[in-house]
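Take a look at the structure below.
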Amino acid sequence: MKKQFMLAVTCVAMVASMGALLVSCGGGNTEAAMEEAANESAATEPAEDTTYQHLSGEEVVALMESDDNAVLVDVREPLAYQYEHIVGAINVPQSKMAEQAESAFPDKDQTIILYCDYGGVSKIAAEDLVDMGYTNVIEFDGLEDWPGETEKDESIK
């Protein structure tokens, strides 16, 4: 019981001290002081690593037009890739990404653009590549969001 009382007194004292500090430092404007402190903190702390970027299909088209070294990767299983894929895409299934990434993408700074059907599998593959040290990984929702041409083999069902 005595420990609980002491803890409560300590907490009340800390809250009172923090309030007094905020008022004195902010000249009475605690909201402005808190915003300024947050901005200073953001400017001095190192930027958090972005895991990967998510772009729209149209943004990917523009990126591919400006980056000749970008590689477009269909991360679906081979049968889905054979049935339909984006023109110029290579197939590295997400299920094999850990095994095939280093041989498929030896330059870890190369722009690697991943897609699947709707975005779920490409997000997993993007996280896998980032975990392996790739620095320029982009994913988009895939065939659902693709404004360009696809190759399709209707004989595969």
Side-chain angles (χ1 to χ4, degrees), residues 7 11 14-15 17-19 21-22 25-26 29-157:
L7 181 61
C11 288
M14 288 176 59
V15 169
S17 297
M18 289 177 67
L21 180 64
L22 284 174
C25 289
N29 188 348
T30 57
E31 187 175 311
M34 289 172 60
E35 185 176 325
E36 184 178 331
N39 289 338
E40 287 176 12
S41 173
T44 57
E45 291 178 10
E48 189 174 306
D49 286 343
T50 303
T51 55
Y52 58 87
Q53 276 187 288
H54 175 85
L55 298 179
S56 70
E58 290 180 4
E59 290 171 318
V60 168
V61 169
L63 176 62
M64 291 178 60
E65 289 173 358
S66 67
D67 186 345
D68 294 335
N69 198 30
V71 60
L72 182 62
V73 184
D74 186 318
V75 299
R76 299 171 304 146
E77 292 301 313
L79 189 60
Y81 172 82
Q82 290 170 356
Y83 175 70
E84 183 178 22
H85 61 271
I86 296 172
V87 174
I90 64 169
N91 183 224
V92 179
Q94 185 277 325
S95 62
K96 306 277 186 195
M97 190 62 70
E99 299 166 26
Q100 297 178 2
E102 288 193 20
S103 61
F105 322 116
D107 178 1
K108 291 197 174 192
D109 296 322
Q110 177 182 19
T111 302
I112 302 170
I113 305 166
L114 309 171
Y115 76 92
C116 58
D117 285 318
Y118 302 104
V121 176
S122 62
K123 285 176 178 54
I124 295 168
E127 290 169 2
D128 291 345
L129 287 176
V130 168
D131 289 345
M132 288 185 259
Y134 288 87
T135 61
N136 199 4
V137 180
I138 297 165
E139 68 83 26
F140 73 103
D141 294 337
L143 293 176
E144 163 194 349
D145 189 36
W146 185 245
E149 293 182 47
T150 63
E151 294 180 32
K152 195 169 189 175
D153 183 347
E154 304 249 358
S155 69
I156 299 173
K157 299 286 178 186

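These numbers come from a predicted model, not from an experiment.
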According to side-chain hydrogen bond (donor to acceptor under 3.5 Å, both in side chains), does anything in residues 60-71 pair up with another residue at least two apart or in another chain? List the pairs. D67-T111

Determine, stepwise, if the pair Q94 / D128 fulfils side chain to side chain donor-acceptor pair (under 3.5 Å). CA-CA 9 Å; Q94 185 277 325; D128 291 345; 2.9 Å; yes

Shortest non-hydrogen contact from C116 toward G119: SG-N, 3.1 Å

Are the side chains of V75 and P93 in touch, meaning some heavy atoms are under 4.5 Å apart? no

Using side-chain heavy atoms (C-beta onward) and a distance below 4.5 Å, is Q53 in contact with V137? no

Any side-chain heavy atom of I90 sitting closer than 4.5 Å to one from V71? yes

Just by modelled atom types, is the M132 backbone N or O under 3.5 Å from a matching donor or acceptor in the K108 side chain? yes

Start with the C-alpha distance between N136 and D109, add both sets of side-chain angles, then the distance that settles side chain to side chain contact (heavy atoms under 4.5 Å, CB included), and finish with yes or no. CA-CA 6 Å; N136 199 4; D109 296 322; 5.8 Å; no

The reported gap from CG in L114 to CZ in R76 (rounded to nearest 0.5 angstrom) is 13.0 Å

Please walk me through it: do S103 and Q100 pass side chain to side chain donor-acceptor pair (under 3.5 Å)? CA-CA 6 Å; S103 61; Q100 297 178 2; over 6 Å; no

Please verify the inter-ring angle class for Y134 with F105; under 30° counts as parallel, over 60° as perpendicular, anything in between as tilted. perpendicular

Does N91 reach the side chain of H85, with side-chain heavy atoms less than 4.5 Å apart? no

Can you tell me if CD on E59 sees more than 12 non-hydrogen neighbours from other groups inside 6.0 Å? yes

I'd like to check L143 versus T150 (side-chain heavy atoms, cut-off strictly below 4.5 Å). Are they in contact? yes

Does a donor on one side chain sit under 3.5 Å from an acceptor on the other, for T51 and E127? no

Would a 4.5 Å heavy-atom cut-off, applied to side chains only, mark I156 and L79 as touching? yes

Are any non-hydrogen side-chain atoms of L72 and F140 less than 4.5 angstrom apart? yes

With a 4.5 Å limit on heavy-atom distance, are the side chains of D145 and S56 in contact? yes

Which heavy atom of E139 sits nearest a heavy atom of S122, and at what distance? OE1-OG, 3.0 Å

Salt-bridge criterion met for K123 and D141 (N-O under 4.0 Å): yes

So for atom CD, which belongs to E58, do other residues, nucleotides or ligands contribute more than 12 heavy atoms lying within a distance under 6.0 Å? no

Mind running side chain to side chain contact (heavy atoms under 4.5 Å, CB included) on Y115 and I86 for me, showing each step along the way? CA-CA 9 Å; Y115 76 92; I86 296 172; 3.6 Å; yes

List the steps and the verdict of side chain to side chain contact (heavy atoms under 4.5 Å, CB included) for V130 and Y52. CA-CA 7 Å; V130 168; Y52 58 87; 4.2 Å; yes

How long is the gap from CG on L129 to CE on M97, to the nearest 0.5 Å? 5.0 Å

Given side chain to side chain contact (heavy atoms under 4.5 Å, CB included), test E149 with E151 step by step and report yes or no. CA-CA 7 Å; E149 293 182 47; E151 294 180 32; over 6 Å; no

Examine distances only and state if a side-chain atom of Y81 and a backbone atom of A89 form a donor-acceptor pair shorter than 3.5 Å. yes

